[in-house]
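Residue numbers run from 1 in the order of the sequence given.
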Amino acid sequence: MARFNLIHRLPDETNRLGKILRAHNMRRVHAQEIHLVRNLAANLIGVEPAPASVMARVERWTQLTFLVRLSQRQITGFLALIPLSRAGHHALLSGALTRSRIDREWVAAPGEPFEAGFLWGMGGVTAQDQTSILLALMAIWKQLYPGMPTYSRAATQYGLRLMRRMGYERILSFSDQLELWGRHSFPYK
């Protein structure tokens, strides 16, 4: 497997992320809201999401995987990002990392450098929610982690069109998983 540069965390990452999220009526998820995010994902995407226990475990490890959008104090959208360690990047590209199987050594905890980002999912109830979530995602990439290799799997035709518009290319196909798409996945020599 090709080697990629590690992305080192910014000392003010939490403050910068908070500013981006506030601009889009978003915040980090609270632990007791994981089941709400899972239900919202199932309703919006139509594909069975990861079990709530897996989602909660990944959120505990990263403390930034699930970001939620609020409208009138209700969660109306979500963005799920996983910072992948070098081992996690390899696990994703080999097909070992799946929606329901994510090992601790595959994710980066706060302060730990990471090698790539995995867009685990996103969705919004209204067009305004969807736009805000997409704008927040783009701001996170541009302001916090420019040039970071990012990957996703499209569960819907809308998601696939969106990934193509965002510059993603098909990376891998697995018989038992959705196709893996990537963006800015430039290895160094």
Would you indicate whether the side-chain heavy atoms of [Y] and [X] approach each other to under 4.5 Å?
X: R101; Y: T98; value: yes
X: V107; Y: R104; value: yes
X: T62; Y: F114; value: no
X: R57; Y: R60; value: yes
X: R164; Y: W181; value: yes
X: L81; Y: T65; value: no
X: Y168; Y: T150; value: yes
X: V29; Y: L67; value: no

* Asked: Does one side chain, of T126 or D129, offer a donor that lies under 3.5 Å from an acceptor on the other?
  -> yes

Contact summary for [X] and [Y], nearest pair of heavy atoms:
X: I171; Y: G182; result: CG1-N, 3.3 Å
X: S173; Y: E179; result: OG-OE2, 3.2 Å
X: P113; Y: H8; result: CB-ND1, 3.7 Å
X: A116; Y: Y151; result: CB-CE1, 3.9 Å
X: F118; Y: S152; result: CE1-CA, 3.9 Å

For a quick test of your reading: what N or O donor-acceptor pairs under 3.5 Å do the side chains of residues 37-54 make, sequence neighbours left out?
residue: R38; atom: NE; partner: A50; partner atom: O; Å: 2.8
residue: R38; atom: NH2; partner: E48; partner atom: OE2; Å: 2.3
residue: R38; atom: NH2; partner: P49; partner atom: O; Å: 3.4
residue: N39; atom: ND2; partner: H35; partner atom: O; Å: 3.4
residue: N43; atom: ND2; partner: N39; partner atom: O; Å: 3.2

Is a donor on one side and an acceptor on the other found under 3.5 Å between the side chain of [X] and the backbone of [Y]?
X: Q130; Y: G124; answer: yes
X: S85; Y: E105; answer: yes
X: R27; Y: R69; answer: no

* Could you point out which residue of I20, V68, L79 forms a side chain to side chain contact (heavy atoms under 4.5 Å, CB included) with M26? =>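 Answer after filtering I20, V68, L79: L79.
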
* Could you list all the ring pair (Phe, Tyr, Trp, His ring centres under 6.0 Å) pairs where at least one residue sits in residues 66-85, not counting sequence neighbours? =>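 Residue pairs with at least one partner in residues 66-85: F66-W120.
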
* **Pairwise distance CZ(R16) to OG1(T14) - rounded to 0.5 angstrom** =>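 So the gap between those two atoms works out to 11.5 Å.
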
In a table with atom names and distances, give each donor-acceptor pair under 3.5 Å that connects a side chain of residues 134-145 to protein atoms at least two apart or in another chain.
residue: Y145; atom: OH; partner: E13; partner atom: OE2; Å: 2.1

* Asked: Is any side-chain N of the basic residue among R28 and E33 closer than 4.0 Å to the acidic one's carboxylate O?
  -> no

* To do: Report whether L178 and L97 are members of the same hydrophobic cluster (ILVMFWY, side-chain heavy atoms less than 4.5 Å apart, transitive linking).
  => no

